[in-house]
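Presented below is the structure to which this report refers.
Small disclaimer: the values here were computed from a predicted structure and weren't measured. Sequence lines set the chain letters: A, B, ... in the order given, protein chains first and strands last, and positions in each chain run from 1.
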There are 2 protein chains.
Amino acid sequence: MKTTETSSNLLLDKQICFALYSASNAMGRAYRPLLTTLDLTYLQYIVMMVLWQYSTMNVKELGNKVHLDSGTLTPLLKRLEAKGLIIRARSKEDERVRIISLSDQGSEMRDKAEQVPTEMLCKSKMTIEELTILKQSCELLLENLKE
Amino acid sequence: MKTTETSSNLLLDKQICFALYSASNAMGRAYRPLLTTLDLTYLQYIVMMVLWQYSTMNVKELGNKVHLDSGTLTPLLKRLEAKGLIIRARSKEDERVRIISLSDQGSEMRDKAEQVPTEMLCKSKMTIEELTILKQSCELLLENLKE
DNA sequence: CAAAAATAGATTGTGCGCAACTAGGTTGCT
DNA sequence: AGCAACCTAGTTGCGCACAATCTATTTTTG
C-alpha cells in the first residue's frame, strides 16, 4: 500500500525538531529588546552569566559550560573585551590557555541584569511547572544527542 | 536580607531558555550528518519539506509557515535554486510576488528524505511520549511569544 | 632529550537569523 | 487620473554556529 499524504514522515506539523528550532528562534527574538539596554546579544548575556557565577574561566571550560567551541567563542570574547566587560589574559602556567575574567564594568553589569530573567518569565506566559517540563525535556534531548 | 548566590536569577543551570537554545543547537548538529547526503542544511531541508507538502508557495506564505522573513529566506531560496531544486518565478497577477515551486530534481529528492525523520527519532533516544511533551511545550512557548 | 602526539585557542569560510532599509508594484482615496 | 499608503521581496550589515584548518605550546614517548 502506498503511503498516503497524511501518514508521511515529512510533514512540517509532525516535526518535533522544527518546533524546538522555532521556539529557540522566538526565544532569541523575545530576549533581544530586554538585552538592548545592556548592549548584549543573547549568547553574550549567557557568557556574562557564566562569568558572574564563576568569576574566572578559560575558553575550554567556558565552551563546556555553554556547549560551544572556540570558533564561536573567540570572536564573541573579543567583542566583550572591546566593550570593556571582560579581560582576556594568558595563563602563566600554560601559555596556550586564555583566562577570561570580569572587568569592574563587567561585574557591575550584573545588577542591571538581575531583572532580565523575571521579564522573560513574564513574556513566556507559562507556569513554573510548564517551564520545568520544557527545561527537562530539552536537557534530556541535549544529553541524548551528545556524541 | 541579601540575596544569596544560590537564589540568584542569574545562574546558568536555572535558565530554561538556555536549555532550549542548547537543545536546538544540538539538534542542528545531529541533523547535519543525516542531511549531507542530500546536500541540504537543516533550514533548507525544512523549506523543501514545506514544498513537498504544498508544491507551490510564495515567499510570504513560506515565511509564515517557517516563522522566518525574506531576509533569511531570499538568499536561502537562491541557493536552493542554484542547486536546481526549486524554481523562483514571478506571479503574473502581482509582479511583487515570487512563486516558489519544486523542480523535478527537487520533487525526486523527497524519496531520499523519507528516512531522515526516522534516523533522527532514533538519535534522540526518546520515547514518542517524551517527544510529544517536548513538541507541545515548544509550541506553547512559541505561541505565547508571538508579538 | 628529540620527535611525535596531544592540546588550547585562533582563523577561515559558509549559512543562517534578524533588524533596518530599499525598490518596485498595487490599492485605495479623493 | 493622481498620489499616498501599503505591500512583497530584496539588500545590507552584524553576530552567531560550525566544520575544517592552522599555530603555538605542552606532554608523551621511544
Side-chain angles (χ1 to χ4, degrees), chain A residues 18 20-33 35-36 38-48 57-64 66-83 88-100 142 145, chain B residues 18 20-33 35-36 38-48 57-64 66-83 86 88-100 142 145 147:
Chain A
F18 176 67
L20 180 66
Y21 165 86
S22 296
S24 179
N25 284 346
M27 177 280 284
R29 283 192 294 269
Y31 259 107
R32 198 174 298 262
L35 295 175
T36 44
L38 304 178
D39 188 30
L40 294 177
T41 65
Y42 179 69
L43 184 55
Q44 289 169 9
Y45 163 74
I46 289 295
V47 168
M48 290 303 291
M57 205 165 240
N58 66 44
V59 175
K60 184 78 186 288
E61 293 165 338
L62 192 55
N64 289 339
V66 302
H67 315 297
L68 293 167
D69 69 1
S70 68
T72 301
L73 290 177
T74 296
L76 180 140
L77 292 169
K78 284 183 179 178
R79 282 187 285 271
L80 289 179
E81 185 182 44
K83 291 182 197 188
R88 294 167 66 240
R90 288 279 187 196
S91 168
K92 285 276 189 292
E93 297 77 46
D94 187 337
E95 286 283 345
R96 293 170 302 181
V97 176
R98 276 276 188 198
I99 296 175
I100 313 298
L142 178 62
L145 290 179
Chain B
F18 176 67
L20 179 67
Y21 165 85
S22 297
S24 179
N25 284 347
M27 177 280 284
R29 283 191 294 269
Y31 259 107
R32 198 174 299 260
L35 294 175
T36 45
L38 304 177
D39 187 31
L40 293 178
T41 66
Y42 179 68
L43 183 55
Q44 288 169 8
Y45 162 74
I46 288 295
V47 167
M48 291 303 290
M57 205 166 239
N58 66 44
V59 175
K60 184 78 188 284
E61 292 164 339
L62 192 54
N64 289 337
V66 302
H67 314 297
L68 292 166
D69 70 1
S70 67
T72 301
L73 291 176
T74 297
L76 181 139
L77 292 169
K78 284 183 178 176
R79 281 187 284 269
L80 289 179
E81 185 182 44
K83 292 183 196 185
I86 65 166
R88 296 167 65 242
R90 289 279 186 194
S91 168
K92 285 276 190 293
E93 297 78 44
D94 187 339
E95 285 284 342
R96 292 170 304 181
V97 176
R98 275 278 189 198
I99 296 174
I100 312 299
L142 178 62
L145 291 179
E147 73 266 4

Worksheet item: What is the nucleic acid contact for A:Glu61, judged by heavy atoms within less than 4.0 Å: base, sugar-phosphate only, or nothing?
Response: nothing

Item to complete: Check every strand shown and say whether B:Thr41 touches a base, only sugar-phosphate, or nothing at a heavy-atom separation below 4.0 Å.
Response: sugar-phosphate

Worksheet item: In whole Å, what is the span from the CZ atom of A:Arg29 to the P atom of C:dA19?
Response: 7 Å

Worksheet item: Between the base of C:dA8 and the side chain of A:Ser70, is there any donor-acceptor pair under 3.5 Å?
Response: no

Discussion item. Rounded to whole Å, please give me the gap between CD1 in A:Ile100 and P in C:dG9.
Written reply: 8 Å

Item to complete: Mind running a 4.0 Å heavy-atom check of residues 74-82 of chain B against DNA chain D and sending the residues that fall below it, in number order?
Response: B:Thr74, B:Lys78

Item to complete: Assign a letter to each nucleotide of nucleotides 3-8 of chain D from its 5' end: B, base within under 4.0 Å of a protein heavy atom; S, sugar-phosphate only; -, no contact.
Response: ----BS

Discussion item. My understanding is that only residues two or more places apart in sequence, or in another chain, count here; which of them pass ring-ring contact (aromatic ring centres under 6.0 Å, His included) with B:Tyr31?
Written reply: B:Tyr42, B:Tyr45

Worksheet, complete the sentence: Those residues at least two apart in sequence (or on a different chain) that pass side chain to side chain contact (heavy atoms under 4.5 Å, CB included) with A:Arg32 are none

Discussion item. Please enumerate all residues that pass side chain to side chain contact (heavy atoms under 4.5 Å, CB included) together with B:Arg96, with sequence neighbours excluded.
Written reply: B:Asp94

Fill in: salt bridge (charged side-chain N to carboxylate O under 4.0 Å, His left out) involving A:Glu81 - partner list, sequence neighbours excluded
A:Arg88

Worksheet item: Nearest-Å distance, CG (B:Leu35) to P (D:dC18)?
Response: 14 Å

Worksheet item: Tell me: CG of A:Asp69 to P of C:dT11, nearest whole Å?
Response: 14 Å

Discussion item. In whole Å, I'd like the distance from the CG atom of B:Leu73 to the P atom of C:dG15.
Written reply: 15 Å

